[in-house]
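Here is the naming used below: chain letters follow the sequence lines, and residue numbers restart at 1 for every chain.
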Amino acid sequence: MGDFIIYNTLSRKKELFKPINPGHVGMYVCGPTVYGEAHLGHSRPAITFDLLFRYLKYLGYKVRYVRNITDVGHLVNDADEGDDKVEGKAKVEELEPMEIVQRYTNSYRRNMLQLNVLPPSIEPSASGHIIEQIETVQQMINSGFAYEVNNSVYFDVEKYASIHSYGILSGRKIEDLYSNTRDLDSQGEKKSGLDFAVWKNATPDHIMRWPSPWGYGFPGWHTECTAMSTKYLGEPFDIHGGGLDLLFPHHEAEIAQGVACFGHSPVNYWVHNNLITINGQKMGKSLGNFINLDQLFAGTHQLLEKAYSPMCIRFFILQAHYRSPLDFSNEALQAAEKGLERLFKAVTMIDGLKISDQSTIDVPGVIEKCDNAMNDDLNSPILIAHLFDGVKMINSVNDGKSTINSIDQAMLKKLYNDYVFDILGLQPDISGAGTENSKVFGQVVDLLLNLRIVAKKNKDWSTSDKIRNSLADLGFIVKDTKDGFEWELKG
RNA sequence: GGUCGGUUGGCCGAGUGGCUAGGCAGCGGUCUGCAAAACCGCGUACGGCGGUUCGAAUCCGCCAUCGACCUCCA
């Protein structure tokens with residue numbers, strides 16, 4: 001567990017990571033609201049924190065990773081008015097809200113599996129933690145930072161700000177917030193426009209409502225994260241992650257709620273991933289550039305020139321640093337696709353490299369650079385750059401222009417296993433490989449190409465080209481090597 | 001309007017006060033019956049204008065521009 005540095009939004013600095021309990025890390029990440037298909041936007045935090053999860057484990061930490069499923073409490077329009085998102089979707093589709101929740105939870109998990117995102121240790125849902133949330137609300141009332149009005153409970157931001165500082169995470173000043181609140185009229189029953197609901201009264205026409213000390217209702221939009229993160233990770237806990245768009249007000253409110261409940265800040269390290277744009281534009285439903293992951297994998301969106309595999313998407317996202325904005329375009333994705341292919345190809349060549357007594361390549365140097373890159377705030381693009389330096393070495397040895405000894409070969413093997421597969425979580429497409437059918441199939445192709453070798457020996461170029469061209473028409477790429485051939489089937 | 005963050009070669013995308021990022025595409029070469037792959041070499045970029053400095057793409061100021069957040073959003 002070396003010196004792992006991570007950027008903390010709270011201090012706006014890179015900090016040395018030190019867990020509360022040596023050897024153990026508690027991490028909470030804001031998961032999806034399950035009222036629609038998972039889209040491109042969901043992939044970035046999932047992959048970013050998957051990378052962090054994997055790297056912490058690689059460093060030897062025992063990690064408890066909690067990622068919630070929000071299935072209640074997020075409102076469609078104004079913060080404290082309008083319908084619950086899940087309930088709204090349920091009405092449109094004429095389904096039980098829990099059917100909506102189940103359907104989109106399933107599809108989210110399926111998409112995450114495709115992206116090779118590891119399942120979190122615990123995946124709690126808001127609707128399954130109503131009792132905990134009621135307790136959290138009660139704690140806020142007891143400490144004097146929340147008040148009840150007409151069967152709803154609101155967080156008293158003004159009172160909180162008079163004692164603690166509201167806005168430490170997002171860098172906002174309370175005065176600015178007042179002057180910038182767009183809609184002072186919608187204050188309604190709240191004491192102040194800045195106050196937010198922690199428990200909301202619900203009339204009988206709401207389907208999703210639960211009994212509470214304040215009557216029937218549902219929890220406010222920030223309550224679940226405070227209740228569930230501290231239930232499973234304690235307080236304070238180590239890392240809280242999420243998209244940059246959640247910084248304000250969601251995470252700011254979580255800090256305030258945590259302080260109100262426990263008397264101290266609930267989280268040591270706040271980590272935020274940047275957002276994704278498409279052709280330089282923000283992704284938005286109204287802009288027509290909202291791409292679901294299924295559409296991306298199938299190539300069925302009008303902005304897509306082709307389908308992109310989940311691994312291509314994963315690699316593309318990892319080629320940018322998690323705190324930088326990332327722009328999706330067909331050109332960029334296709335570049336990533338080709339690069340990834342080259343990387344995988346080199347990895348499969350390591351085992352077959354010719355061993356020499358001496359190495360003319362610097363394997364330990366590459367390893368050190370890779371470690372340094374990841375230790376510096378998860379710099380996956382730098383890591384990948386160094387892995388490509390290694391690719392050059394592998395190819396060069398394979399080409400007979402450099403040599404490698406057995407020790408370096410073993411180190412190289414471990415390096416790529418650790419970094420490509422375990423940490424970056426990239427995996428070659430192995431669908432269909434290894435089955436009895438595909439074995440026989442491969443043998444048939446080998447047979448044809450062996451015939452071609454004979455033709456080549458006889459300088460019968462017309463036969464040799466016919467075999468290659470015919471196979472090419474069927475989607476095979478044939479490459480001659482010094483002592484034989486290679487082939488692959490393009491999907 | 002407020003807060004914050006960008007602006008890097010054909011495209012994507014790192015980065016540091018002086019030392020080649022990397023990927024993709026392109027060009028030239030080696031290899032090959034041809035091709036593909038691979039290898040070698042090449043392009044010499046940092047929004048604009050000032051300033052600090054022996055030296056700035058990297059620090060400071062101003063301007064331009066883009067974006068995020070300020071309202072549910074990953």
Side-chain angles (χ1 to χ4, degrees), chain A residues 9 12 29-33 35-36 38-49 74-79 81-82 84-85 167 170-173 175-177 179-183 186 221 241-250 272-277 280-285 290 315-316 319-321 323-340 342-343 345-346 349 369 373 376 379-389 391-392 394-396 398-402 456 459-461 464-465 468-469 472 477-482 485-488:
Chain A
T9 309
R12 295 178 189 281
V29 174
C30 291
T33 302
Y35 72 112
H39 55 75
L40 199 44
H42 291 106
S43 62
R44 192 147 197 213
I47 289 171
T48 297
F49 294 104
H74 272 206
L75 300 165
V76 172
N77 290 313
D78 182 74
E81 304 294 329
D84 183 293
K85 278 180 179 171
S170 56
R172 283 173 168 75
K173 297 189 183 81
E175 327 58 280
D176 294 339
L177 287 171
S179 60
N180 289 325
T181 300
R182 283 185 185 173
D183 214 358
S186 77
W221 33 314
L244 201 54
D245 52 341
L246 295 176
L247 206 141
F248 189 90
H250 184 55
H272 292 95
N273 61 276
N274 215 313
L275 308 179
I276 281 170
T277 55
Q281 264 192 322
K282 178 188 174 170
M283 196 170 69
K285 281 181 177 155
F290 211 84
F315 182 67
F316 179 68
Q319 261 193 316
H321 188 252
R323 284 193 286 117
S324 298
L326 178 61
D327 188 49
F328 266 63
S329 64
N330 282 287
E331 204 178 359
L333 284 170
Q334 283 162 29
E337 191 171 49
K338 286 183 185 165
L340 178 62
R342 213 175 126 227
L343 177 64
K345 207 176 156 209
M349 282 196 308
K369 285 178 189 164
D376 184 13
N379 202 323
S380 55
I382 292 287
L383 167 68
I384 290 169
H386 293 311
L387 290 174
F388 272 110
D389 287 342
V391 167
K392 264 193 181 166
I394 293 165
N395 285 330
S396 172
N398 190 52
D399 230 43
K401 300 211 163 96
S402 305
K456 278 175 68 181
K459 299 205 190 291
D460 179 2
W461 308 130
S464 117
D465 285 355
R468 187 175 62 193
N469 294 339
I477 295 171
V478 176
K479 294 166 200 161
D480 292 350
T481 60
K482 262 182 232 144
F485 53 81
E486 286 174 6
W487 63 268
E488 57 187 313

Quiz item: When you match G31(A) and Q334(A) each to their closest nucleotide on RNA chain B, which lands nearer the 5' end?
Solution: Q334(A)
Quiz item: With nearest nucleotides of RNA chain B determined for F315(A) and S396(A) from heavy-atom distances, which residue corresponds to the more 5′ nucleotide?
Solution: F315(A)
Indicate the atoms forming the closest heavy-atom contact of [X] with [Y], along with that distance.
X       : Y       : result
R12(A)  : G171(A) : NH2-N, 3.6 Å
L383(A) : A373(A) : N-CB, 3.7 Å
C30(A)  : L246(A) : CB-CD1, 3.6 Å
N273(A) : P45(A)  : OD1-CB, 3.3 Å
A320(A) : L326(A) : CB-CD1, 3.6 Å

Quiz item: Would you say the base of C4(B) and the side-chain of R172(A) have a donor-acceptor pair closer than 3.5 Å?
Solution: no
Calculate the interatomic distance between [X] atom [atom1] and [N] atom [atom2]; express it in whole Å.
X       : N      : atom1 : atom2 : answer
K392(A) : C24(B) : NZ    : C1'   : 13 Å
I276(A) : G5(B)  : CD1   : P     : 21 Å
L383(A) : G13(B) : CG    : P     : 18 Å
H272(A) : C73(B) : NE2   : P     : 12 Å
I394(A) : C39(B) : CD1   : C1'   : 14 Å
D327(A) : G5(B)  : CG    : C1'   : 16 Å
F248(A) : C72(B) : CZ    : C1'   : 14 Å
L387(A) : G23(B) : CG    : P     : 11 Å

Pairing residues for [X] by the side-chain contact (heavy atoms from CB on, under 4.5 Å) criterion, not counting sequence neighbours:
X       : result
A335(A) : none
R323(A) : Y7(A), K14(A), H321(A), D377(A)
L247(A) : T9(A), L169(A), S170(A), L244(A), H272(A)
A385(A) : none

Sort me out a list of protein N/O and nucleotides 9-11 of chain B N/O pairs below 3.5 Å, or just none if empty.
| unit_1 | atom_1 | unit_2 | atom_2 | d |
| --- | --- | --- | --- | --- |
| C11(B) | O2' | E331(A) | OE1 | 3.3 |

Provide the distance between the two [atom1] atoms, one in [N] and one in [M], to the nearest whole Å.
N      : M      : atom1 : value
C31(B) : A45(B) : P     : 33 Å
G18(B) : U53(B) : C1'   : 12 Å
C72(B) : G15(B) : C1'   : 37 Å
U8(B)  : C40(B) : C1'   : 27 Å
U16(B) : A74(B) : C1'   : 31 Å
G13(B) : G22(B) : C1'   : 8 Å
C24(B) : G43(B) : C1'   : 15 Å
G55(B) : C66(B) : C1'   : 31 Å

Quiz item: Residues in ring-ring contact (aromatic ring centres under 6.0 Å, His included) with F316(A), at least two apart?
Solution: F328(A)
Self-check item: Sugar-phosphate or base contact per nucleotide [nucleotides 27-37 of chain B; S, B, -; heavy atom under 4.0 Å]
Solution: ------BBBBS
Within the 4.0 Å heavy-atom criterion, would you say [X] contacts the bases, only the backbone, or no part of the nucleic acid?
X       : value
G339(A) : sugar-phosphate
L333(A) : nothing
L247(A) : nothing
H386(A) : nothing
L246(A) : sugar-phosphate

Pairs under 3.5 Å (N/O, protein and nucleotides 14-20 of chain B):
| unit_1 | atom_1 | unit_2 | atom_2 | d |
| --- | --- | --- | --- | --- |
| A14(B) | OP1 | H321(A) | N | 2.8 |
| A14(B) | OP1 | S324(A) | OG | 3.0 |
| G15(B) | OP1 | N379(A) | ND2 | 3.3 |

Self-check item: Bracket string, RNA chain B, 5' to 3' - pairs by Watson-Crick or G-U geometry under 3.5 Å, | interstrand
Solution: (((((((..(((.....[...))).(((((.......)))))....(((((..]....))))))))))))....
Using the salt bridge (Lys or Arg N to Asp or Glu O under 4.0 Å) criterion, which residues pair with [X]? Sequence neighbours excluded.
X       : result
K369(A) : none
K392(A) : none
K338(A) : none

Quiz item: Is the shortest side-chain N/O distance from N398(A) to OP1 or OP2 of A38(B) below 4.0 Å?
Solution: no
Practice problem: State whether S170(A) places a side-chain N or O below 4.0 Å from either non-bridging phosphate oxygen (OP1 or OP2) of C70(B). | Solution: no
Does the [X] side chain pair with the main chain of [Y], one donor and one acceptor, at a distance under 3.5 Å?
X       : Y       : result
N398(A) : I394(A) : no
H42(A)  : H39(A)  : yes
R44(A)  : L275(A) : yes

Quiz prompt | Nucleotide nearest F316(A) (side chain, heavy atoms from C-beta), chosen from G22(B), C12(B), A74(B) | solution = C12(B)
